[in-house]
Amino acid sequence: MHSQPRLRDLAISDSGMVFDACTGAMFTINATGRAIVEGLKIGVGRAAMVAKLRDGFELSPDDDPARDLDEFLLLLRKATLIAHDFVLED
Amino acid sequence: MDPRLATIAVTALNATDNPGPGISVIRALREAPGFRGCLVGLAYDTMDPGAYAGDIVDDVFLLPYPSQGREALLQRIRYIHGRVGLDVIIPTLDSELDAFIDIEDELAAMGIGVFLPDKEHLQVRSKARLARLGDEADIAVPPTRMISDVAELYRLHQEIPFPVFMKGQYYGAHLARSVDEAVAAFHNIVAQWGVPVIAQSMVRGEEYDVVAVGDGRGGLVGAVPMKKISLTDKGKGWAGVAIKDPALIELTQRFMAATRWRGPCEVEVMKDEQGRYHLLEINPRFPAWTFLCAGAGMNLPWAVALLAMGIPVAPMHEYRVGTMFVRISIDQIADISQLQQLSATGELIGSPTLTLAAQEA
């Protein structure tokens, strides 16, 4: 498992403000998104990431952390923060 | 001579919502470590706001407009040199560079250094020749045409589809979405800057700018890329942030290598949705946001001042990514006597910024 190089250039504040040092783009992410980005930065795999979300956040019965993870990865892909063909493997 | 004691003159003290680079360059020089020299502002108008910024500008002199020719400029510089003893001049306006390059030998004979490209290199990066430069440096440039006759605009769409940017030789860019808008922009630009007018295909994407200094031998002294994060209604950057994009630095290095550029410049680049970079312009002088580079730890104006004094500067690579600039409009307090003095004599020597307490004293 390799971390995505573009993610290493992200500066994330305690409040969830993200600065992309390569493009100058700024956006905010919530605590869940922050957990995912920080996991990706250090190369956490898919199963471990889902477990991290399941254990670290209060979930309702309808919540599906795997689906939320995929949707967030889609956002990161659109922002070119992860490669177009990046697949988060177990 | 200790360069930290030098007397350095900088042109262009206009500092409106579309500011000239002069004040930004002067502030950077003022922040150079240990600098205790004198900073002289060279203004073109008695109402240039920087003429009244006594906290950063020691002395102010009016210059003749570039249209008055090299002799008028040289005569004025001789006078100023006699008054304050100049070591370096840093011109910061496109329109005055020809004249300063013309008098470089005379300035050197007076002991005044400049660090400028020669005329050939100045032309190589001109908007009119940018496409050729792109080919030589392997940098993509949007399709561009020179327009000298308004009739050409009616055939322009056969080569470049609308919208296009209509640009003056020195300044100004108008977005034209149709022939009618292009014609209006053409006449507007010709009235200010003459022909040719440059028609450049519009590239959709994110704009990035790089302030850089070339060593004149094909190398890069230093560069800081910036992303604008707030614009004025004229499209000028009101806030921006230093970024880390190796591709922008590499593009800037290719420009330096291809042109053997000597001196400061601003590289304007558009990054399209596929992540490709397109060179929009090379401005042959410091940009108005130059103080950002000093704030980020890479003081390029000071590097230029040292190089102009013949002092070598090692290539600089480090700057603090994430350093921001945010402009501010402030009301400077001046006394009417300062305006009277500048109007009557063309100079303000050692004029302090007034505080309300000082006025009452």
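Proteins come first, then strands; the chains are lettered A, B, ... in the order of their sequence lines, and each starts at number 1.
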For atom CZ of B:R27, decide whether the heavy atoms of other residues, nucleotides or ligands shown that lie under 6.0 angstrom number more than 12.
no
Using non-hydrogen atoms only, which part of B:A242 is less than 4.5 Å away from chain A: side chain, backbone, both, or neither?
backbone
Nearest-0.5 Å distance, CD1 of residue B:I243 to CZ of residue A:F19
7.5 Å
With a 3.5 Å distance limit and no angle check, can you tell me whether B:Y208 reaches the backbone of A:T23 through a side-chain donor-acceptor pair?
yes
Other residues, nucleotides, ligands: >12 heavy atoms within 6.0 Å of A:E58 CD:
no
Option in B:K271, B:K228, B:K244 with maximal non-hydrogen atom pairs under 4.5 Å from chain A
B:K244
Taken to the nearest 0.5 Å, the spacing of A:M26 CE from B:M324 CE works out to 5.5 Å
CD/B:E318: more than 12 non-hydrogen atoms of other groups inside 6.0 Å:
no
Report, as yes or no, whether the 6.0 Å neighbourhood of atom CZ on A:R67 holds more than 12 heavy atoms from other residues, nucleotides or ligands.
yes
With a 4.5 angstrom heavy-atom cut-off, which part of A:A21 approaches chain B: side chain, backbone, both or neither?
both
